[in-house]
Every structure is written in C-alpha cells, then in structure tokens.
Participant: 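One structure follows; several queries about it will come next.
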Amino acid sequence: MNTLAIETSCDETSVSVVSDAAKIKSNVVSSQINVHAKFFGVVPELASREHIKNINPVLETALKEAGVNWANFSNKIDAIAFTCGPGLAGALLVGALAAKSLASVFKKPLIPVNHLEGHIYSSYIENKSVKPPFLSLIISGGHTELIIIKDFGKYEFLGATRDDAAGEAFDKAAKMLGLSYPGGPIIDERAEFGNCKAVNFTRPYLKGSWDFSFSGIKTALLNYLKKEPVKNEKHLNDICASFRQSVAETLCFKAFEAAQKFGLKQIVLGGGVSSNSLIRKLFMESGKKNKIKVYIPSLVYCSDNAAMIGCAAYLKQKKCGLKYSAELLKSNPSLRLKNWK
Ligand code: KG4
Ligand code: ZN
C-alpha cells in the first residue's frame with residue numbers, strides 16, 4: 001500500500017510517500033526554525049502562515065521524489081494520512097485541509113493519525129523487530145510520555161511530565177545561558193566539550209510515580225547562574241554538560257525502572273530529544289547491561305516528519321481498515337492517545 005502522509009502539527013511542514021510501513025519513497029521536511037528562533041519558541045500564528053506557504057512546494061517535491069505526478073496519482077497512491085492532533089490548532093488545519101482536498105479530488109481514503117503514534121512507531125520504519133509489548137518513551141519539545149504499548153494501537157499510559165517537556169527544558173536552559181533556539185542541539189554540542197561533573201544539578205526521579213518534572217533542574221540552573229555567572233567558554237560547556245547529564249540520567253533511570261517493573265524487554269525512544277547524543281549512549285549502554293533491547297530512530301526520524309505518520313497509518317489501517325468516523329477525521333489540538341478499534 002502506498003500512503004501519502006502529511007505532518008503539520010507544529011513547526012515542520014512535511015510530506016512523505018511511504019510504501020507499506022517501511023519503504024520511504026520520499027520524506028521532505030521544511031523547518032520553520034529561522035522564523036521562530038528570535039522568539040525562543042514556536043509562535044502559533046506564524047507557524048500556520050508558514051505551513052500555508054510551504055505545504056504546496058513540499059507536497060510537489062515529495063511527490064516528484066517518489067515518482068508521482070498529478071497524472072499517475074490515482075494509480076500510485078492508495079490512501080492519504082494526516083496528523084489530526086495533538087498540536088497547534090491552525091497548523092493542524094493546514095495539513096488536514098491539504099489531505100482532505102487530495103482525498104476528495106482523487107477519491108482516496110483518509111487515515112487520521114495521532115502525532116504521538118507517529119513518534120511511538122517511528123523506530124518501526126528501520127526495524128521490523130520492534131514488536132509489542134514494549135515501553136515507549138516520547139521525548140520532544142511538547143511531550144515527555146512513558147507508555148506501555150501492549151499491542152499496535154493498545155496503550156497503557158504510565159506517566160508524563162508535570163511541567164516542562166524534556167525538549168522545552170533544554171530550550172529554556174539554552175535561553176538562560178544566552179544560547180540560541182532550539183537549545184537542545186546546541187547544549188548537546190557544547191556538552192561534548194564540557195565536564196559533566198562540574199555542577200551537580202538535581203535528578204528529579206519522583207519516586208513512586210512514573211511522571212517526570214524538569215522545572216526543578218531549570219530552577220537549579222537559574223539559581224546556579226545567579227551565584228556563578230558564565231565566566232568563559234569552558235565554564236559554559238561545563239554547565240551544558242552537567243545540565244545534559246542530569247536530564248539524560250533522569251530519563252534513563254525512569255525508563256529502565258518502568259521496563260523492569262512491568263517486565264518489558266524492549267524500550268523504544270521517539271521525538272526530537274532522542275537525537276541527544278548522551279541520551280542515545282546511556283540508553284544503549286543500560287540496555288546492554290540490563291538485557292533490554294533499545295530502539296532509537298535515526299536522527300531524521302526523531303524530529304517531526306511525515307514518514308513516521310505514514311508508518312503509523314499503515315499499521316493502523318492493517319488493524320482497523322480504511323473507514324474512520326467523521327469525529328476522528330476532525331483536527332483536535334488536544335487529542336489524546338486512544339486505543340484502536
Ligand atoms: O520532536 P520535535 O522535532 O518537535 C516536537 O514535536 O516538539 O522536538 C523538538 C525538540 C526541541 O525542544 C529541541 O530542542 C529538542 O527537540 N532537540 C534536542 C536535540 N535535538 C533536538 N534536545 C536535546 N538534544 C538534542 N540533540
Ligand atoms: Zn513531535
């Protein structure tokens with residue numbers, strides 16, 4: 001089955017043509033980072049306007065790369081998938097409208113996909129041995145969620161962040177340090193040259209709960225900077241390394257504790273923060289030590305992309321078929337994960 005997938009939930013306009021769940025024929029991502037960088041975060045209204053500007057060129061490039069044009073579209077594309085939530089209201093509408101227009105013109109079925117399901121199943125694109133049951137840790141700019149995937153489309157929610165998402169914590173820390181947006185990759189890069197033991201930031205393990213909280217580490221950084229303003233490049237790199245160490249160890253500790261408690265033999269990461277080099281290293285090392293298989297997508301499938309939406313759509317239609325209620329086809333900015341029926 002060839003799926004045309006569209007993702008516009010936040011600040012990336014992306015279109016992909018995916019064959020079944022895995023053969024990525026094209027995956028075009030247009031990032032809006034330059035537009036939002038001066039505001040140190042995504043500005044929803046600007047994001048919608050950028051999606052409107054970008055959706056047609058991105059769509060045409062993705063089709064062209066996959067060998068699809070308007071003349072052969074009907075033969076080459078079997079279904080159209082789109083992110084229906086959660087995300088920014090205006091941004092979601094642009095992708096939904098594009099998907100619905102194409103579905104209506106070419107008389108193709110629509111598959112609505114929850115953005116989180118894109119991140120949960122993104123590892124499946126490169127690795128077919130990812131099979132439920134597994135523990136999913138989604139770490140991105142908007143989410144930090146720990147979920148047991150009992151089967152494809154069958155979820156047991158364990159915990160989430162009580163305040164900042166992991167990516168948001170990196171972005172806010174970078175702003176405090178005078179670094180640019182998005183802060184995660186910059187802190188990660190600088191951390192490679194720093195001493196992670198220079199500052200002992202708190203590890204908020206929240207014993208007895210599967211939730212996360214990153215606001216404490218952020219406050220610890222703020223308090224530290226009040227006492228010890230950044231002196232030089234080396235000092236800055238040391239702070240970045242110490243901050244990254246604290247976030248990474250907290251995520252790793254809680255994920256492995258949950259996997260062990262629930263007897264899960266696979267941990268699957270997804271979301272932009274899973275690009276972090278220390279998080280990748282700690283999870284792989286802990287996986288080996290604890291005999292738990294860890295799957296982390298390649299960098300291109302960690303951050304928002306339409307290929308993961310196409311992959312999730314394929315898995316979903318395999319289980320649920322191709323008929324979705326009008327309710328499911330509506331965009332919903334605060335959509336929650338629901339079991340597939
Ligand atoms: O998944 P994503 O592209 O978009 C959302 O759905 O939010 O994640 C973006 C987030 C940003 O907060 C960014 O700072 C963070 O991912 N990020 C990183 C790294 N690369 C991106 N955080 C830590 N280390 C990185 N290498
Ligand atoms: Zn995302």
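Indexing begins at 1, ligand by ligand and atom by atom, following the structure's order. It should be emphasised that the depicted structure is a prediction, and the values quoted were computed from it without experimental measurement.
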Participant: Quick one: nearest non-hydrogen protein atom to atom 10 (C) of ligand 1, plus distance?
Facilitator: Gly141 N, 3.5 Å
Participant: Partners of Ser101 by side chain to side chain donor-acceptor pair (under 3.5 Å), sequence neighbours excluded?
Facilitator: none
Participant: State whether His115 contributes an N/O/S atom found under 2.8 Å from the Zn ion (ligand 2).
Facilitator: yes
Participant: If I take every N, O or S atom of His119, is at least one of them less than 2.8 Å from the Zn ion (ligand 2)?
Facilitator: yes
Participant: Looking only at protein heavy atoms, identify the closest one to atom 17 (N) of ligand 1 and say how far it is in Å.
Facilitator: Gly272 O, 3.7 Å
Participant: Just to confirm my output: which protein heavy-atom neighbour is closest to atom 4 (O) of ligand 1, and how far is it?
Facilitator: Asp304 OD2, 3.3 Å
Participant: Would you say Phe157 ends up clustered with Leu264 if hydrophobic residues are merged whenever their side chains have heavy atoms under 4.5 Å apart, either directly or through other cluster members?
Facilitator: no
Participant: Among all protein non-hydrogen atoms, which one is nearest to atom 18 (C) of ligand 1, and what is the separation to 0.1 Å?
Facilitator: Gly184 CA, 3.6 Å
Participant: Suppose we only allow N, O or S atoms; which atom of Asp304 ends up nearest to the Zn ion (ligand 2)?
Facilitator: OD1
Participant: For atom 14 (O) of ligand 1, what is the nearest protein heavy atom, given as residue, atom name and distance?
Facilitator: Asp171 OD1, 2.7 Å
Participant: Name the closest protein heavy atom to atom 24 (N) of ligand 1, giving the residue it belongs to and the distance to 0.1 Å.
Facilitator: Asn276 ND2, 2.9 Å
Participant: Quick one: ring pair (Phe, Tyr, Trp, His ring centres under 6.0 Å) pairs with a partner in residues 39-60, sequence neighbours left out?
Facilitator: none
